[in-house]
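Atoms within a ligand are numbered from 1 in the order they appear, just like the ligands themselves. Just so you know, residue 1 is the first one in the sequence shown, and it goes up from there. In what follows, every heavy atom counts, from backbone to side chain, and hydrogens, waters and symmetry copies are set aside. Since this is a predicted model, take the numbers as computed values, not measurements.
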Amino acid sequence: MQDLKELSERIAAIKEEISEKTKTLADSKSVYELKKTFLDSKQGQIGALMKEMKNIPNESKAEFGKTVNAAKEWALNYFEKIDAEMKAKEMKLRYESEKIDISMPAKKVEYGNLHPITTVRNQLTDLFASMGFEVYEGTEIETDFYNFTALNTPDDHPARDMQDTFYLTPEFLLRTQTSAGQVHVMENNKPPIKIISPGKVFRSDDDATHSPMFHQMEGLVVDEGISLCDLKGNLDMFVQKFFGEDTVTRLRPSYFPFTEPSVEVDVSCFECGGKGCKLCKGTGWIEILGAGVVNKKVFDNCGIDSNKYSGFAFGIGLERIAMLKYGINNIKMLFESDLRVLDQIDD
Ligand code: DAH
């Protein structure tokens, strides 16, 4: 380059090029890239103009420098303007793509809840714990001795027919009743004993109110001077806390080999208050559990002095309680895991 005239022409051409090229830019990153090709102090077209200074006559050098700087200033402003426009455009696009339609229905959040059997077990456990009972968890596989013989039900005892048993071997079986746990507790603990024992039990039994696997909660209290009155008092407290303050219990004579006397326990109908309704089949009473005074023979089998100690025991069917509480008439509903049913049962 020889003179200022040529410089002006070059600058005019550069400006032309810049305004042409910026027309087609797509984003702020390409603005930056393009800006570099003009303004980079070494390789940029405008940056490179200064290197021509050496060819310019001395008297024009000052003017030359000023002109180049003005061109640089112009380009800087120009790119700044384009960059701002581009960023505004990008922001707008982003706002649009991330726009939320607040009139859309919200996504449904599904909450889980405990299974009704778990709920009933937890409620009963809390309730009996508040009455001073400790929890003992037995095993689902038992020996014939713990499940039957020690509970005064020897091999040839007709009461064995009351329960259809799944035998694993002649000695081992799936427990048919949580009562088996009573024996372990009495073998390993000295009175006073006050326990509940919830768990699964198994019987070869299958209809609308029976399932081959179901849940029970056993209760056992052993101490000096325990009588049927204590059983009644404890059960009254239990039903009042669980079914409602106005409910009472009624004991009917029954038979279990491990209790003497044995009773079937009814609760006054918590639905109709005893007047008679569909739930209590018009009787005003609902059977809820079996119980009795611990048979001396069971104490003898467990090494507890039956002259010194006495006790009561009871066994509650948890499915039965859950069915009564939630108005379920087929036990299968508790095992099919149909969410349409389970969703309606939330306590
Ligand atoms: N084990 C009995 C059953 O499964 C229920 C039962 C009755 C348990 C009386 C007891 C009891 O502890 O005293 O049918």
Does anything in residues 214-225 form a side-chain hydrogen bond (donor to acceptor under 3.5 Å, both in side chains)? List the pairs, not counting sequence neighbours. Thr178-Gln216, Thr178-Glu218, Ser179-Glu218, Gln182-Glu218, His215-Glu319
May I have all residue pairs that pass side-chain hydrogen bond (donor to acceptor under 3.5 Å, both in side chains) and include part of residues 89-107, sequence neighbours excluded?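 Pairs touching residues 89-107 that pass the test: Ser28-Glu90, Arg94-Glu98, Asp101-Ser103.
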Are any side-chain N or O atoms of Glu33 and backbone N or O atoms of Lys29, one a donor and one an acceptor, separated by less than 3.5 Å? no
Would you be so kind as to tabulate the donor-acceptor pairs closer than 3.5 Å made by side chains of residues 9-17, with sequence neighbours excluded?
unit_1: Glu9; atom_1: OE2; unit_2: Lys5; atom_2: NZ; d: 3.3
unit_1: Glu17; atom_1: OE1; unit_2: Gln45; atom_2: NE2; d: 3.3
unit_1: Glu17; atom_1: OE2; unit_2: Lys21; atom_2: NZ; d: 2.9
unit_1: Glu17; atom_1: OE2; unit_2: Gln45; atom_2: NE2; d: 3.4

What are the polar N/O contacts of ligand 1 with the protein below 3.5 Å, with distances?
unit_1: ligand 1; atom_1: 1 (N); unit_2: Gln177; atom_2: OE1; d: 2.8
unit_1: ligand 1; atom_1: 1 (N); unit_2: Ser179; atom_2: OG; d: 2.9
unit_1: ligand 1; atom_1: 4 (O); unit_2: Arg203; atom_2: NH2; d: 2.6
unit_1: ligand 1; atom_1: 4 (O); unit_2: Gln216; atom_2: NE2; d: 2.8
unit_1: ligand 1; atom_1: 12 (O); unit_2: Gln182; atom_2: NE2; d: 3.2
unit_1: ligand 1; atom_1: 12 (O); unit_2: Glu218; atom_2: OE2; d: 2.5
unit_1: ligand 1; atom_1: 12 (O); unit_2: Phe314; atom_2: N; d: 3.4
unit_1: ligand 1; atom_1: 12 (O); unit_2: Phe314; atom_2: O; d: 3.4
unit_1: ligand 1; atom_1: 13 (O); unit_2: Ala313; atom_2: O; d: 3.1

Is the NZ or CZ atom of Lys81 positioned over Tyr78's six-membered ring, under 6.0 angstrom from the centre and within 45° of the axis? yes
Please answer: with hydrophobic residues joined when any side-chain heavy atoms are less than 4.5 Å apart, are Ile82 and Trp74 in the same cluster?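 Both belong to a single hydrophobic cluster.
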